[in-house]
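What follows is one structure encoded as structure tokens, with my remarks underneath.
Letters go in sequence order (proteins before strands), and every chain restarts at 1. Below, all heavy atoms of this structure are taken into account, side chains as well, without hydrogens, waters or symmetry copies.
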Number of protein chains: 2
Amino acid sequence: MANIGEIETKPAKGTIETGRGDGLLIISDPVRGSAWICAQLRQAILEGAYAHGEKLPAERQLAQAYGASRTTIRAALGQLEQERLLTRRVGSGTFVNFRAPSDAEDIAEQTSPVELIEVRLAVEPHMVRLAVLNATARDLDRLAEALAKMQGGSADAEAFTEFDEQFHQLIAEATRNPLMLWLYRQINQVRGHSQWNEMKDKVLTGQRIAEYNEQHRALFDAIRARDVEGAVAIVTNHLYYARRQLLGADAA
Amino acid sequence: MANIGEIETKPAKGTIETGRGDGLLIISDPVRGSAWICAQLRQAILEGAYAHGEKLPAERQLAQAYGASRTTIRAALGQLEQERLLTRRVGSGTFVNFRAPSDAEDIAEQTSPVELIEVRLAVEPHMVRLAVLNATARDLDRLAEALAKMQGGSADAEAFTEFDEQFHQLIAEATRNPLMLWLYRQINQVRGHSQWNEMKDKVLTGQRIAEYNEQHRALFDAIRARDVEGAVAIVTNHLYYARRQLLGADAA
DNA sequence: CGGAATAGGACCAAACTTAGATCATGCGCT
DNA sequence: AGCGCATGATCTAAGTTTGGTCCTATTCCG
């Protein structure tokens, strides 16, 4: 909770030191104005100084705190509102609309298993398409290896989940698209923290593990055969299948 | 020039300190001149001492700080402006137009514009599908508002890019899926750092901006009409269209 | 000498800031 | 429900800052 009295005007931005040894040093007052105030508030929000949904001081109070006019404050707040970092409600106040991605655990806690599947349903079909088009022989080898381990390994839910994550991540790697891989790693991270884990044992019976393995096998065959639409169809069905069972488990 | 008047005869190696209480302090080498000042500022910018978009001190302040006339400062700034390192706006100030590569995230540097489009092509169609299914009336209002601003606003590449990002992020919000929103924010962040920015002006001609606006309009109409497949088709074409132009620009 | 760079102004128009007043809305209290 | 108060939204008028432009004098250097 940032109190009005202690709004900090950090001078850090003003010190500029050239790397050269000739001793030039400029210390300048940060240029104050709506842009500067906007930057200050943005940083505070992004750093998590304000919690999501927390109310900011009123405009008239901010104006006094920053020693600026209300118009200037409103310009800064308006900018932040456009950036969708703030929400303003007449009669109520100005509220933070940004959840600090503290550990990525936050986002995991807010995400239900079904929502996770929805996101995977968005990403993975096209991801598989890219993988089919761009996979190298080495990618295929690694996929085959993972698949062999998956089928040869134990059939408990824990081990299967791990293999499953690895398998899909290998597909992400096979896209040869660094952003795609990064994105899927993020999703996988959420997956690890998701409440999914708590219902895993209920959903992942031995029979279903076998079914999933079959689907993985089919997916791999399609990728190796460079069958784009076949692979896409398999992964889509794979995820719909998983979602259906999740909804079933929800209902149960 | 009152304080520096004594450096007429160049001191061999000594530095002269000109201190002022009103905000600027400079310890400067007596070797001045527009070229030297220009080099100093260029180095500061390239080193990332000023963030992208940050406001430089006003010309009159710089003149005082460097102990030079405004004419000289303007010569230096003019050079940097020609180098596209600065942007100047009457009534506002002089702003840095260079994104230091140091503060860019690894992933953003490794990602080409085409790869970015590929990822968006993976995420956005299903994202739109979810948005159509889950958007609240309030979401639609906000989309309409953004759209109106986009069409009423100026048609330069910079403004359009900003509105475009906001528009797609609003769609992400409309999915009511926190993970989806988080994911899209990550993508948007990469988008800001991508080399896309460097070819933006080349790709985003006035006519194409108008075309994109039309597509946005059509997309919004489909979402409002809850036309799932129509909306998905529009966004898919929208992205394929963008990718085609990107590849064209690459070839050119 | 003559040209180039710099210094030091004056003035302009655009953009921003200030300081108000007034309005509309939402919240809490009675 | 009604009332009072706090809050954001909007508008106005005047003042301030800022880059853009033009001018003249001075300094430096070949």
For residues B/His216 and B/Asp164, is any side-chain donor paired with an opposing acceptor at under 3.5 Å?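 Indeed, the side chains of B/His216 and B/Asp164 share at least one donor-acceptor pair under 3.5 Å.
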Listed by chain and number, what are the side chain to side chain donor-acceptor pair (under 3.5 Å) partners of [X], not counting sequence neighbours?
| X | answer |
| --- | --- |
| A/Arg60 | none |
| B/Tyr240 | none |
| A/Ser92 | none |

Could you give the OH-to-C1' distance, from B/Tyr66 to C/dT6, as a whole number of Å?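 For the pair B/Tyr66 OH and C/dT6 C1', the rounded distance is 17 Å.
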Separation of C/dA15 P from B/Lys55 NZ (nearest whole Å):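 Rounded to whole Å, this separation is 14 Å.
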Kindly state each residue pair satisfying salt bridge (Lys or Arg N to Asp or Glu O under 4.0 Å) with at least one member in residues 174-183 of chain B, sequence neighbours excluded.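 Every pair satisfying salt bridge (Lys or Arg N to Asp or Glu O under 4.0 Å) with a residue in residues 174-183 of chain B: B/Asp139-B/Arg176.
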Return the set of residues passing salt bridge (charged side-chain N to carboxylate O under 4.0 Å, His left out) with [X] (not counting sequence neighbours), or none when no residue passes.
| X | value |
| --- | --- |
| B/Glu145 | none |
| B/Glu83 | B/Arg42 |
| A/Arg84 | B/Glu173 |
| B/Glu81 | B/Arg88 |

Determine, for nucleotides 23-30 of chain C in 5'-to-3' order, which nucleotides have protein heavy atoms under 4.0 Å from the base (write B), from only the sugar-phosphate (write S), or from neither (write -). -BBSS---
Taking the axis from the first five pairs and the axis from the last five, what angle separates them in the helix from C/dC1-D/dG30 to C/dT30-D/dA1, rounded to 10 degrees?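 The end-segment axes of the helix from C/dC1-D/dG30 to C/dT30-D/dA1 are tilted 40° relative to each other.
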Which residues in residues 69-84 of chain B have at least one heavy atom lying under 4.0 Å from any atom of DNA chain D?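 Only B/Arg70, B/Arg74 qualify.
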Could you work out, with ring-ring contact (aromatic ring centres under 6.0 Å, His included) as the rule, every residue matching B/Tyr241, not counting sequence neighbours?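 Checked B/Tyr241 against ring-ring contact (aromatic ring centres under 6.0 Å, His included); matches are B/Tyr212.
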